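Here is the structure we will look at, set down as structure tokens.
Computed from a prediction, not measured in an experiment: that's the story for all the values here.
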Amino acid sequence: PMNVDDEIELEFRMAAVDPNLVVEDHLDPEKNPNLRRGFVTVTSASDFVAKIDITGLESGTDFVFAFYHGEYVSDVGQTKTAPANDADVESLTYAVFSCSHFANGYFHSYDLGSTIKDIDFWIHVGDYLVSVV
């Protein structure tokens with residue numbers, strides 16, 4: 001169990017999706033020389049939430065990322081950078097989510113949205129409410 005006085009160092013790994021690598025090798029430092037790595041410490045003051053601003057990423061590129069702490073590994077996340085300012089973009093596909101209330105639904109739209117592979121970006125425009133009784 002976590003203690004409020006704990007300081008937890010997380011390793012962050014991120015890599016551009018490379019069609020020449022199998023999925024499992026993208027975040028392996030021994031198999032991907034282009035892997036980006038960094039460390040962040042989380043504490044109770046940050047609610048044990050890591051916030052990382054990453055710069056210098058290539059526009060219009062798919063990336064995978066995960067957090068590591070000893071033997072513990074987060075789920076692998078996926079993101080895509082925006083097109084370059086001067087890119088000729090014919091269309092973008094996006095998903096919009098809004099106003100969630102935990103007590104009133106099972107949030108099937110989030111589950112369904114996570115399965116769509118060609119979404120350029122997600123936007124959440126509303127609140128997420130949790131009722132306390």
Side-chain angles (χ1 to χ4, degrees):
M2 226 178 339
N3 183 320
V4 313
D5 297 325
D6 287 349
E7 288 189 359
I8 299 171
E9 184 176 64
L10 300 173
E11 179 185 5
F12 177 72
R13 297 181 189 175
M14 181 176 200
V17 174
D18 180 343
N20 299 314
L21 286 176
V22 295
V23 174
E24 297 80 22
D25 291 349
H26 277 82
L27 299 175
D28 184 338
E30 294 181 13
K31 297 181 180 174
N32 187 355
N34 299 313
L35 178 66
R36 291 172 173 245
R37 298 167 76 182
F39 293 89
V40 61
T41 300
V42 295
T43 66
S44 61
S46 68
D47 292 326
F48 297 100
V49 172
K51 180 180 184 286
I52 301 171
D53 293 322
I54 300 172
T55 60
L57 299 177
E58 186 176 341
S59 300
T61 303
D62 291 303
F63 289 89
V64 292
F65 61 91
F67 290 91
Y68 294 76
H69 176 67
E71 65 186 59
Y72 301 103
V73 180
S74 71
D75 289 338
V76 174
Q78 184 177 334
T79 191
K80 182 178 186 177
T81 52
N85 288 340
D86 60 352
D88 185 16
V89 177
E90 192 170 306
S91 69
L92 291 172
T93 303
Y94 55 93
V96 178
F97 300 90
S98 172
C99 300
S100 305
H101 191 283
F102 185 74
N104 293 331
Y106 295 111
F107 309 106
H108 301 296
S109 61
Y110 297 125
D111 181 45
L112 179 61
S114 73
T115 66
I116 300 171
K117 300 295 181 201
D118 64 347
I119 292 179
D120 291 300
F121 64 94
W122 290 46
I123 264 184
H124 194 287
V125 295
D127 297 334
Y128 182 88
L129 303 174
V130 176
S131 295
V132 178
V133 178

Hey, could you give me the [atom1]/[atom2] distance between [X] and [Y], rounded to the nearest 0.5 Å?
X	Y	atom1	atom2	value
D28	R13	CG	CZ	7.0 Å
D75	F67	CG	CZ	12.0 Å
I8	T43	CD1	OG1	9.0 Å
D6	S44	CG	OG	8.5 Å

With a 4.5 Å limit on heavy-atom distance, are the side chains of [X] and [Y] in contact?
X	Y	result
L21	N32	yes
H26	V76	no
F65	I54	no

Just by modelled atom types, is the [Y] backbone N or O under 3.5 Å from a matching donor or acceptor in the [X] side chain?
X	Y	value
T61	S59	yes
D47	V49	no
D120	Y94	no
S98	V125	no
T79	F63	no

Which heavy atom in [X] sits nearest to a heavy atom in [Y], and how many Å separate them?
X	Y	value
I123	F121	CD1-CE1, 3.8 Å
R37	P29	NH1-CB, 3.4 Å
L57	M14	CD1-CE, 3.8 Å
V40	I52	CG1-CD1, 4.2 Å

By side chain to side chain donor-acceptor pair (under 3.5 Å) - contacts of K31 (at least two apart):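 Partners of K31 under the side chain to side chain donor-acceptor pair (under 3.5 Å) test: none.
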
Ring geometry between F97 and H124 (parallel below 30°, tilted from 30 to 60°, perpendicular above 60°):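 H124 and F97: parallel rings.
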
Plane angle bin for H69 and Y72 - parallel if under 30°, tilted between 30 and 60°, otherwise perpendicular: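 If you compare the ring of Y72 with that of H69, the planes turn out parallel.
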
CD/E9: more than 12 non-hydrogen atoms of other groups inside 6.0 Å: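 Enclosed: over 12 neighbouring heavy atoms sit under 6.0 Å from CD of E9.
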
Pair E58-T81, side-chain contact (heavy atoms from CB on, under 4.5 Å): steps then yes or no: CA-CA 7 Å; E58 186 176 341; T81 52; 5.7 Å; no

Common cluster, V42/F12, ILVMFWY with side-chain heavy-atom separation under 4.5 Å: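 Yes; tracing contacts between hydrophobic side chains, which count when under 4.5 Å, links both residues.
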
Cluster link L27 to F39, ILVMFWY, side chain under 4.5 Å: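 Per the 4.5 Å side-chain linkage, L27 and F39 are not co-clustered.
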
